Protein chains: 2
Amino acid sequence: MKVEIITTGAELLLGSIINTHQQWLSSKLTRLGFEVTRHTTVSDKAEEIKNAVSEAITRTDIIITTGGLGPTSDDRTREAIAELVGKKLIFDTKAAEHIREYFTSRKREQPKSTNIQAYVPEGATILYNQFGTAPGLIIEVDRTENTGKRTVLLIMLPGPPRELRPMFENQVIPELKKRFVNENYSCKILRTTGIGESKVEEIISEHLKPLENEGLIIGYCARPGEVDVRLEARGEKSAEVVSKAEYIVRQLVGDYIFGEDDDTLEQVIVRILTNKKKMLAVAESCTGGLVANRITNVPGASVVFWGGIVSYANEAKMKVLGVSKQSLQNFGAVSEQVAKEMAEGLKKLSGTDYTIAITGIAGPTGGSPEKPVGTVFIAVSTTEKTIVRKNFNPYDRETFKHVTSQQALEILRREIIHET
Amino acid sequence: MKVEIITTGAELLLGSIINTHQQWLSSKLTRLGFEVTRHTTVSDKAEEIKNAVSEAITRTDIIITTGGLGPTSDDRTREAIAELVGKKLIFDTKAAEHIREYFTSRKREQPKSTNIQAYVPEGATILYNQFGTAPGLIIEVDRTENTGKRTVLLIMLPGPPRELRPMFENQVIPELKKRFVNENYSCKILRTTGIGESKVEEIISEHLKPLENEGLIIGYCARPGEVDVRLEARGEKSAEVVSKAEYIVRQLVGDYIFGEDDDTLEQVIVRILTNKKKMLAVAESCTGGLVANRITNVPGASVVFWGGIVSYANEAKMKVLGVSKQSLQNFGAVSEQVAKEMAEGLKKLSGTDYTIAITGIAGPTGGSPEKPVGTVFIAVSTTEKTIVRKNFNPYDRETFKHVTSQQALEILRREIIHET
């Protein structure tokens with residue numbers, strides 16, 4: 001089944017905000033076996049929305065629109081689409097009640113304008129909004145084309161992510177599953193770090209050839225600091241084919257696989273530490289708090305995370321972490337010795353089971369011939385030892401920080417899982 | 001002039017990566033006075049690219065495509081578009097030389113496949129790639145339509161952001177300015193924080209009415225923790241109209257304006273501190289390093305940033321920042337008293353001119369009836385005093401962290417600029 005996503009809104013075309021709906025919805029749909037074939041963004045004018053939908057309707061099986069379902073004069077999607085497909089808007093008492101309840105449960109007065117959201121296209125399936133007032137809508141459009149009759153599913157979702165995402169997960173996915181049960185599809189994404197895209201491919205592709213004859217489709221996606229291996233199959237044996245492929249990939253490059261599907265490296269670290277009942281602290285110079293920030297993005301991190309020291313100035317390295325002045329003078333702040341002292345000093349300070357320490361040159365300035373911009377030392381200290389790695393990440397400042405934080409978390413992950 | 005942006009690539013439709021080109025290009029184009037009317041994303045198949053371009057060509061003045069200019073079999077944009085508009089691909093010796101140089105200057109052997117990138121559509125303007133091998137291309141397409149003759153500009157840019165962005169800034173923008181000199185357009189974005197969208201509008205809209213009669217267009221864009229006020233005008237008097245409007249807005253809500261156009265709050269803070277030759281340190285509990293991370297994203301931050309303490313565990317608050325056990329017991333970690341002690345303790349430790357301290361409940365768990373999830377205390381300590389604000393940010397975990405970091409930086413900014 002083909003899907004097109006149509007996002008609407010002036011802020012998107014002005015470049016005021018990043019379009020996250022496209023990626024989020026596409027990722028969810030792809031995992032379910034749908035093929036997303038096009039993303040379109042148009043303004044919130046009724047004419048533009050109608051044009052975009054009427055083009056898509058000729059090409060695709062499912063159309064998802066986002067935005068334009070609110071109560072203001074900018075919100076044109078409901079009317080525009082109803083008009084386009086020739087459906088009347090009728091007042092739905094249950095939808096109206098749901099909107100009223102939204103306000104009463106929050107002890108707020110209901111603005112009169114919100115009532116307009118209870119007018120829905122005839123025959124629509126209504127998706128009640130747990131986190132806002134605009135209901136989502138699903139309508140079926142029957143078409144007679146040269147090639148025969150077919151039905152296009154039109155799914156309208158509200159714009160705010162906190163409304164759209166739970167509505168999609170809790171109400172749209174079950175609807176899609178109900179309607180397209182015959183689709184036999186399996187997909188598994190194995191997430192690797194510390195190995196390049198072409199290297200992964202070189203190692204695994206030969207061994208997966210036989211499964212490709214059984215319908216396996218392999219995809220790779222490289223982002224800074226990580227490479228996804230996507231294993232897909234359709235048909236009755238899809239689950240078996242994907243599971244066989246996963247086994248082979250894990251045998252060949254298992255060490256590099258930190259998680260699957262939606263896993264992030266920081267989630268995996270928090271999960272492992274929680275299971276092992278261990279604590280972590282981090283000392284960061286050039287990554288400037290990014291590692292701590294990533295870890296504390298994970299709900300429940302407080303159980304395993306003591307905290308972090310962002311020792312940007314040398315004085316902070318000495319005063320808080322106890323790095324020796326001599327080491328800073330003799331080896332420089334960006335050195336194996338200082339990384340080691342940072343990790344071990346933090347160990348002493350925090351008393352945690354593990355510490356990470358990072359010192360390097362993020363750039364754009366500050367490099368030298370022996371230590372060019374991108375040079376970084378990463379130390380990981382466990383109960384048994386401290387290891388230090390020297391890496392070279394010659395990227396722009398933010399990519400440097402991201403890739404370095406990724407490498408540090410990965411060194412820690414491997415140390416922990418290989419401990420006895 | 002209307003612009004459509006067509007991004008290509010399987011990873012975008014699979015939802016593996018976020019589409020940042022659309023936002024980045026739209027923001028740049030809008031500032032120059034172009035109207036971006038549609039974003040389209042299709043796969044990298046030649047047929048799909050041709051469809052998307054041939055649709056856009058009937059509607060718009062300028063088309064920008066991204067991706068598909070590389071040397072591999074996935075890179076179809078150049079051929080697809082040349083075929084669509086009926087231009088031959090011819091070998092360009094200068095482009096070939098440029099590609100060769102790219103490799104020799106990096107002391108790498110040139111893969112034979114890269115030569116294909118020197119084949120360019122007849123009559124194209126070639127944009128040499130400083131950070132990769134694929135040249136960008138601009139071609140003019142003359143069309144005869146019912147309404148008369150017109151020319152559509154087709155701009156093809158490479159996919160990787162580190163190649164696309166400098167090429168657009170250094171080569172495309174001058175070309176656009178050269179071709180569309182008659183456009184008289186002014187735009188200024190004033191970036192505010194600490195005030196809601198409707199409140200800003202309420203305060204300023206009445207006073208800007210007279211300028212609207214002179215052609216001023218006002219726009220608002222709200223994101224978590226900030227609201228942009230966009231002032232635009234066209235025509236001979238555009239610069240004057242926008243400058244008058246800016247004066248009025250600054251008079252009315254100047255305290256909330258932290259910057260303009262592309263400014264971020266962290267850039268502004270680093271700039272102010274650099275000018276004043278002052279140093280900052282931060283102590284973060286619930287924001288978990290985000291403030292430090294934002295500040296260290298700014299090149300040159302090391303001059304003004306001592307470092308940060310991510311005192312997630314209470315023990316870290318006591319051991320490193322000297323928060324008293326009594327205060328933690330009597331008032332709890334999330335309290336005015338503890339925020340104050342964190343800020344002042346860090347002041348003592350670091351000896352910096354300013355410190356920020358943040359303690360709160362990010363959620364999703366950890367709240368109580370008196371201190372629900374979203375409660376946060378922000379302390380800012382200057383050479384003269386320590387102030388503490390209690391805020392309530394009942395959002396999801398990452399939005400909470402972002403909004404709280406924004407509030408903390410803004411409290412600091414106001415303290416500094418109001419100092420004598």
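For clarity, every value in this text was computed on a predicted model and none was experimentally measured.
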> Under a 4.0 Å N-O cut-off, is there an ion pair linking A:Lys28 with A:Asp262?
Replying inline: yes
> Which of the residues A:Ala283, A:Ser285, A:Gly308, A:Ala362 is involved in the greatest number of heavy-atom pairs with chain B at under 4.5 angstrom?
Replying inline: A:Gly308
>> If you count heavy-atom pairs within less than 4.5 Å of chain A, which of B:Ser16, B:Ser27, B:Gly288, B:Pro364 leads?
In response: B:Gly288
> Which bit of B:Thr287 comes within less than 4.5 Å of chain A, counting heavy atoms only: side chain, backbone, both or neither?
Replying inline: backbone
> With a 4.0 Å cut-off, would you call A:Arg223 and A:Asp228 a salt bridge?
Replying inline: yes
> So, does B:Thr60 use its side chain to make a donor-acceptor pair with the main chain of B:Lys2 at under 3.5 Å?
Replying inline: yes
> So which part of A:Ser26 gets closer than 4.5 Å to some heavy atom of chain B, the side chain, the backbone, both or neither?
Replying inline: both
> In Å and rounded to the nearest 0.5 Å, what is the CG to OG1 distance from B:Asn393 to B:Thr404?
Replying inline: 4.0 Å
> Is it the backbone or the side chain of B:Ala52 that comes under 4.5 Å from a heavy atom of chain A, or both, or neither?
Replying inline: both
> Where on B:Arg38 is there a heavy atom nearer than 4.5 Å to chain A: the side chain, the backbone, both, or neither?
Replying inline: both
> In terms of heavy-atom pairs under 4.5 Å, which option from B:Gly351, B:Ser311, B:Ser302, B:Ser43 contacts chain A the most?
Replying inline: B:Ser302
> Most heavy-atom pairs under 4.5 angstrom with chain A, which of B:Ile309, B:Leu14, B:Thr399?
Replying inline: B:Leu14
>> Centre-to-centre under 6.0 Å for A:Phe305 and B:Tyr312, is that the case here?
In response: yes
>> Counting only non-hydrogen atoms closer than 4.5 Å, does B:Thr37 touch chain A with its backbone (N, CA, C, O), its side chain (CB onward), both, or neither?
In response: backbone
> With a 4.5 angstrom heavy-atom cut-off, which part of B:Val320 approaches chain A: side chain, backbone, both or neither?
Replying inline: side chain
>> Using a 4.5 Å heavy-atom cutoff, which residues in residues 289-301 of chain B come close to chain A?
In response: B:Gly289, B:Leu290, B:Ala292, B:Asn293, B:Thr296, B:Asn297, B:Val298, B:Pro299, B:Gly300, B:Ala301
> Which bit of A:Glu4 comes within less than 4.5 Å of chain B, counting heavy atoms only: side chain, backbone, both or neither?
Replying inline: neither
>> Counting heavy-atom pairs closer than 4.5 Å to chain A, which one of B:Glu11, B:Glu55, B:Lys319 comes out on top?
In response: B:Glu55
> Which pair of non-hydrogen atoms, one from B:Val403 and one from B:Gly225, has the smallest distance, and what is that distance?
Replying inline: CG2-N, 4.0 Å
>> Testing the basics here: between A:Ala333 and A:Asn314, what is the closest heavy-atom pair and its distance to 0.1 Å?
In response: CB-OD1, 3.4 Å
> Where does B:Leu349 contact chain A at under 4.5 Å (heavy atoms): side chain, backbone, both or neither?
Replying inline: both
> Got a donor-acceptor contact below 3.5 angstrom from the A:Gln267 side chain to the A:Thr264 backbone?
Replying inline: yes
>> Between B:Glu284 and chain A, with a heavy-atom cut-off of 4.5 Å, which part of the residue counts as in contact: side chain, backbone, both or neither?
In response: neither
>> With a 4.5 Å cut-off on side-chain heavy atoms, are B:Asn51 and B:Val42 touching?
In response: no
>> Does B:Arg162, at its CZ atom, have more than 12 non-hydrogen atoms belonging to other residues, nucleotides or ligands within less than 6.0 Å?
In response: no
>> For a quick test of reading the model, state the closest non-hydrogen atom pair linking B:Ile361 to B:Gly367 and the distance between them.
In response: CG2-N, 4.0 Å
> Any chance the side chains of A:Asp44 and A:Thr8 put a donor and an acceptor closer than 3.5 Å?
Replying inline: no
>> With chain B as the partner, which of A:Gln22, A:Arg31, A:Met279 has the greatest number of non-hydrogen pairs under 4.5 Å?
In response: A:Gln22
>> Counting heavy-atom pairs under 4.5 Å with chain A, which one of B:Lys401, B:Lys45, B:Glu398, B:Glu48 comes out on top?
In response: B:Lys401
> Is any side-chain heavy atom of A:Ile358 less than 4.5 Å from a side-chain heavy atom of A:Cys286?
Replying inline: yes
> What heavy-atom pair brings B:Ala222 and B:Glu197 nearest, and what distance separates the two atoms?
Replying inline: CB-OE1, 3.4 Å
